[in-house]
There are 2 protein chains.
Amino acid sequence: MDERELLLLGLLKIQSQHGYQINEFISKNLSRVTSMKKATAYALLENMRKNGLIDESISQEGNRPQRKVYSITSAGDAAFDTLLKTYLAQPGQITFSLDIALMFIGNLPVAEVINLLDERMKLLIEQIETYERAPKHEYDLGSRLAVEHVLSHLQLDLSWLQSAKEMIVQEASSGSNG
Amino acid sequence: MDERELLLLGLLKIQSQHGYQINEFISKNLSRVTSMKKATAYALLENMRKNGLIDESISQEGNRPQRKVYSITSAGDAAFDTLLKTYLAQPGQITFSLDIALMFIGNLPVAEVINLLDERMKLLIEQIETYERAPKHEYDLGSRLAVEHVLSHLQLDLSWLQSAKEMIVQEASSGSNG
DNA sequence: ATTTAATTAGTCATATTTGACTATTCATAG
DNA sequence: CTATGAATAGTCAAATATGACTAATTAAAT
């Protein structure tokens with residue numbers, strides 16, 4: 001089980017919903033905190049149903065095609081509580097694909113590395129601006145914290161990249177004449 | 001293709017190796033930058049072989065069982081170069097499981113949230129100490145940067161958690177009397 | 001010399017994830 | 001009314017990822 005189950009259970013705790021509704025909400029509002037795909041969400045819902053964490057019922061409204069409506073069970077409530085405490089208390093391992101790339105910068109000329117990192121910083125600034133443009137008032141504290149958390153990491157990356165560039169330049173000049 | 005292919009190609013650029021050697025190196029030295037599992041590495045190697053990025057040959061040394069030795073091809077060299085530039089220049093989306101959990105802190109009493117975040121900070125400090133204990137001198141610049149990059153994010157998280165706790169406490173008190 | 005444990009070198013069945021696809025209904029423009 | 005496109009609501013085959021397993025060799029202890 002991972003944080004995506006926590007997300008799905010949390011959404012179903014707010015209200016019983018069908019899969020499409022859940023996926024719309026995630027893709028429209030939560031793309032900043034998860035990259036879970038639609039088919040994955042359906043798979044996880046089916047999995048949790050098998051494990052008794054949610055119930056599935058069929059609803060028919062007007063002429064619309066049938067929909068599967070999911071509701072959280074009491075076992076699901078208990079699982080939600082456990083997962084929530086777990087993900088609050090336990091720092092997961094973080095890894096960045098950048099770090100793999102950094103290990104191999106020796107394979108490129110220094111000038112090119114600097115150019116590539118400049119390009120990265122440009123794109124990062126765009127990401128940051130997107131986050132900063134997000135309206136902060138209409139969300140509850142937890143959601144605001146989540147967005148600010150990601151934003152603080154993006155800003156760190158930006159200033160970290162600047163100092164990394166300086167170290168790379170310095171090492172190159174000291175290596176070539178020292 | 002993702003950064004794990006870059007890692008495997010980069011290791012094979014240094015020298016041709018068999019799978020076991022690659023996996024040993026990753027699990028002993030690179031657990032900080034990737035969580036790729038052994039069977040996954042073998043699958044990716046087979047995949048890259050099919051795509052002509054690496055060659056596979058059988059080697060027999062003494063009585064030891066046969067080993068598959070992988071070498072990078074010129075197509076692999078080209079792919080490495082492309083991947084390296086891509087992962088240097090393109091900031092990937094970062095997501096933290098903590099952020100999902102933060103969205104739902106309203107489901108717990110404030111005091112418990114604070115306790116859980118305190119526990120998190122304790123564990124985070126242990127992680128940071130592990131990283132700080134890592135010897136810095138024996139690595140090249142890129143590897144040192146990779147470790148320092150992760151470390152800087154961990155340190156940010158620590159101070160961010162402190163300020164998040166303060167916001168949570170403040171919101172609780174202003175909500176209960178204002 | 002022989003059980004025991006550790007290391008070496010992978011394989012495979014199962015579980016997970018997703019891109020691509022199907023199929024219905026609704027809106028709206030002509 | 002009716003072709004066109006968008007929204008709704010999923011499904012499924014194929015690709016990925018991994019825990020559990022096999023099987024040989026070497027090292028250590030008895």
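Only heavy atoms go into these numbers, but all of them, side chains included; no hydrogens, no water, no symmetry mates. Protein chains get the first letters and strands the later ones, always in sequence-line order, with residue 1 at the start of each.
- Between A:Ser143 and A:Tyr139 the shortest heavy-atom distance is CB-CB, 3.9 Å.
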Identify all side-chain donor-acceptor contacts of residues 91-115 of chain B below 3.5 Å with residues at least two apart in sequence or on another chain.
{"residue": "B:Gln93", "atom": "NE2", "partner": "A:Ser31", "partner atom": "O", "Å": "2.6"}
{"residue": "B:Asp99", "atom": "OD1", "partner": "A:His149", "partner atom": "ND1", "Å": "2.6"}
{"residue": "B:Asn107", "atom": "ND2", "partner": "B:Phe104", "partner atom": "O", "Å": "3.2"}

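- Taking both residues in full, the closest heavy atoms of A:Met121 and A:Gln162 are given as CE-OE1, 3.4 Å, listed atom of the first, atom of the second, then distance.
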Could you give the side-chain donor-acceptor pairs of residues 70-77 of chain A under 3.5 Å, partners two or more places apart or in another chain?
{"residue": "A:Ser71", "atom": "OG", "partner": "A:Ser16", "partner atom": "OG", "Å": "3.0"}
{"residue": "A:Thr73", "atom": "OG1", "partner": "A:Gly52", "partner atom": "O", "Å": "2.7"}
{"residue": "A:Thr73", "atom": "OG1", "partner": "A:Leu53", "partner atom": "O", "Å": "3.0"}
{"residue": "A:Thr73", "atom": "OG1", "partner": "A:Ala75", "partner atom": "N", "Å": "3.4"}
{"residue": "A:Thr73", "atom": "OG1", "partner": "A:Gly76", "partner atom": "N", "Å": "3.0"}
{"residue": "A:Asp77", "atom": "OD1", "partner": "A:Lys13", "partner atom": "NZ", "Å": "2.5"}

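- Of the candidates C:dT17, D:dT16, D:dT11, D:dT16 carries the atom nearest the B:Asn47 side chain, counting heavy atoms from C-beta on.
- Here D:dT11 is the nucleotide among D:dA9, C:dT16, D:dT11 with the atom lying nearest to any side-chain atom of A:Lys68.
- Rounded to a whole Å, the OH atom of A:Tyr42 is 15 Å from the C1' atom of C:dA20.
- Protein atom CG of A:Leu45 is 14 Å distant from nucleotide atom P of C:dT16, rounded to whole Å.
- Of all the residues in residues 13-41 of chain A, A:Lys37, A:Ala39, A:Thr40 reach under 4.0 Å from DNA chain C with at least one non-hydrogen atom.
- Look at B:Arg4 and you won't find any side-chain N or O under 4.0 angstrom from OP1 or OP2 of D:dT16.
- The side-chain heavy atoms of B:Val69 and B:Gln17, taken from C-beta on, include no pair separated by under 4.5 Å.
- Residue B:Leu156 shares its hydrophobic cluster (ILVMFWY side chains chained together at separations under 4.5 Å) with A:Leu156.
- The salt bridge (charged side-chain N to carboxylate O under 4.0 Å, His left out) contacts involving residues 150-168 of chain A comprise A:Asp118-A:Lys165, where partners must be two or more places apart or lie in separate chains.
- Counting only heavy atoms from C-beta on, A:Arg67 has its side chain closest to D:dG10 among C:dT17, C:dT11, D:dG10.
- A:Arg120 places none of its side-chain heavy atoms less than 4.5 Å from the side chain of A:Leu123.
- Note: CG (A:Leu8) to P (C:dT17) measures 11 Å, nearest angstrom.
- Near-neighbour residues of DNA chain D inside residues 48-57 of chain B, defined by a heavy atom below 4.0 Å, are absent.
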